[in-house]
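Down below is the structure, laid out as structure tokens.
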Amino acid sequence: MPDKMSRRDALKLGTNAAVSAAMTPLFSARDNHAGDPNSSSARSGDASPDICFLRAVDIAALIRQKKISAREVMQAHLKQIARVNPKVNALVTLVPEDQLVAQAAAADEAAAKGNWLGPLHGLPVAAKDLHETAGIRTTYGSPLHRDFVPDFDCRVVQREKQAGAIVIGKSNVPEFGLGSQTFNPVFGPTRNPYDLSKTCGGSTGGGAVALATGMVPLADGSDMGGSLRNPPNFCNVVGIRPSPGRVPNVPTRLGWFTLSVPGPVARNVTDCAFFLSVLAGFDHHYPISIDQPGTQFAQPLGTRNFKGVRVALFKDLGLPWEPEVKNAVKAQAKVFESLGCIVEEAEPDFTDANESFLAWRHWSTELAFGDLIATHGDQLNEYIHWHVEEGRKLTGPYLARVEAKRTELFQRMTAFLSKYEFFILPVNQVLPFDVTTHYPTQIAGVKMENYIAWMKSAYYISAVGNPAASVPCAFSQSGLPIGLQIVGRHHDDWGVLQMAYAFEQATNVAHRRPAIVS
């Protein structure tokens, strides 16, 4: 649980040197999806929905070139929010319009004086409702924090602001971020824009839907068991679970914890990398922080030749699958082969991944909520009660042996990825399901043992800590998005993004917009 006092007191305000150094990346001529910055609507600065589906990098470039103003960008997105958000319930707390327009005007005034505020100058960004935002309500999706307004920004939000972004509001989450279905007792459910009767996934569900419907160009998120991957997978957008330590998780009570990571969500791989260039970078307040600048992610993505690169395509991981999901991802072998890759069916040995993930999730959740159960147990959901109960059964010797098993798992994954550079598998085992269903209780006739068991194909990757991107790959017969997961070598976030970009350019599935924005 986000402990308000401990998180605030733990936060030491700092600057991100990488942000001030970061520049808008260069782009290849073939990277032209999601909008033409030279279109008549973009040149005219008309506050139309067309602006809302331009790439974030193109909006940023147009503002810098003074072909469009930050105010026009803000007004276009506010108009889109008013039109679409009531249908999907993605953004749950909005900064008052006059304040947002004033911030956009200040960005324009700075630009007029030649003062560039950073790579995200004037861009609206949605912050996840698990991320503290100074002066903006942050509820964690819980009635306990329904009216909580922090007096500090978490590090992710700090870096966004330092890069010149304007936080437009908060995106919806499951209660305390638990589960991959976005609903809570404060705001209700967020709906899938491709079928309003279905879930958008979670816990970065509101952010993914806001992107898919053009309400924001960028959204931040976080991932323990798949939350930067499953919502993009269900909503036809892009997310990356970065390597632990790539984006500092500050403040936190668990500085060496690797399961939970913050990161970016965007409509395309270019914007995802662009946003990561701002969020990533060393932070001495975070003990596992990777000592590399975020600027590496602002390089051109389309420069690599993948000829001869060995790619492993999953078999079945010993898990049940909805046939459409499994078949759609298997069919992508031909796309990777068209890129010059050598594709083979192979998969790592994920023995002990399930036990390792669940043990540390129980352990961390007990720490977060154990004390609160006694005083506010009736206001905490069944998931929290289960984790706390299981967490209290854990012993030191048991956890030591679990960690030894997880280390062996990591070594097996490392050996596997020394032969293959990338591992390809589905993000999740099911299609988007009914928004009134809390979680799938069975897949292909196999009963799920708990509320997150249907997410094993995502959280197995969390257990080993490798970077993984979710990229659109297909649609089901009923018109629901299907994404695939590209897993890379230890700390090779850049390689994952390059491969994700190459796949995206070869397929163009992300072009398809939900009918509700037509």
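Please read all numbers here as calculations on a predicted model, not as lab measurements.
- Residues E160 and D220 meet the side-chain proximity criterion, which asks for heavy atoms closer than 4.5 Å.
- Electrostatic pairing of K405 and E408 does not count as a salt bridge here, judged by no charged N lying under 4.0 Å from a carboxylate O.
- Side chain of E421 to main chain of R310: no donor-acceptor pair is present (N/O by atom type, distance under 3.5 Å, no hydrogens or angles).
- Although no hydrogens or angles enter the test, the distance criterion places a donor-acceptor pair under 3.5 Å between the side chain of R267 and the main chain of V216.
- No side-chain donor-acceptor contact under 3.5 Å links S289 and D283.
- A donor atom on one side chain and an acceptor atom on the other are not found under 3.5 Å apart for T182 and N172.
- For H490, the side chain to side chain contact (heavy atoms under 4.5 Å, CB included) partners at least two apart in sequence or on another chain are F410.
- Relative orientation of the F176 and F369 rings is perpendicular, given thresholds of 30° and 60° on the angle between their planes.
- Distance CG/L409 to CZ/F357: 13.0 Å, rounded to 0.5 Å.
- A donor and an acceptor atom, one from each side chain of D195 and N192, are nowhere located under 3.5 Å apart.
- At distances below 3.5 Å, at least one donor-acceptor pair connects side-chain atoms of Q181 with backbone N or O atoms of V435.
- For Y194 and F475, the distance between ring centers is under 6.0 angstrom.
- Side-chain N/O atoms of E132 and Y140 include a donor and acceptor closer than 3.5 Å.
- Inspection of the R155 and Q158 side chains reveals an N or O donor paired with an N or O acceptor under 3.5 Å.
- Considering all non-hydrogen atoms of both residues, Q299 and Q296 come closest at NE2-O, 2.6 Å.
- In this structure, a donor-acceptor pair under 3.5 Å is present between the side chains of S203 and K128.
- A donor-acceptor pair under 3.5 Å is formed between the side chain of Q442 and the backbone N or O of G445.
- Counting non-hydrogen atoms of neighbouring residues, nucleotides and ligands closer than 6.0 angstrom, the CZ atom of R401 reaches no more than 12 such neighbours.
- Using the six-membered ring where Trp is involved, W360 and W363 have ring planes that are perpendicular, over 60° apart on the 30 and 60° scheme.
- Among residues two or more places apart in sequence or in another chain, the side chain to side chain donor-acceptor pair (under 3.5 Å) test is passed with Q485 by R229.
- Residues that satisfy the side chain to side chain donor-acceptor pair (under 3.5 Å) test with Y451, not counting sequence neighbours, are R361, H387.
- Judged purely by distance below 3.5 Å, without hydrogens or angles, the side chains of N354 and Y459 pair a donor atom with an acceptor atom.
- Checked against the 6.0 Å centroid threshold, F423 and F314 do not count as a close aromatic pair.
- In this structure a side-chain-to-backbone donor-acceptor pair under 3.5 Å is present from R246 to H491.
- Although no hydrogens or angles enter the test, the distance criterion places no donor-acceptor pair under 3.5 Å between the side chain of E345 and the main chain of K315.
- Between the side chain of E390 and the main chain of H362, no donor-acceptor pair closer than 3.5 Å is present.
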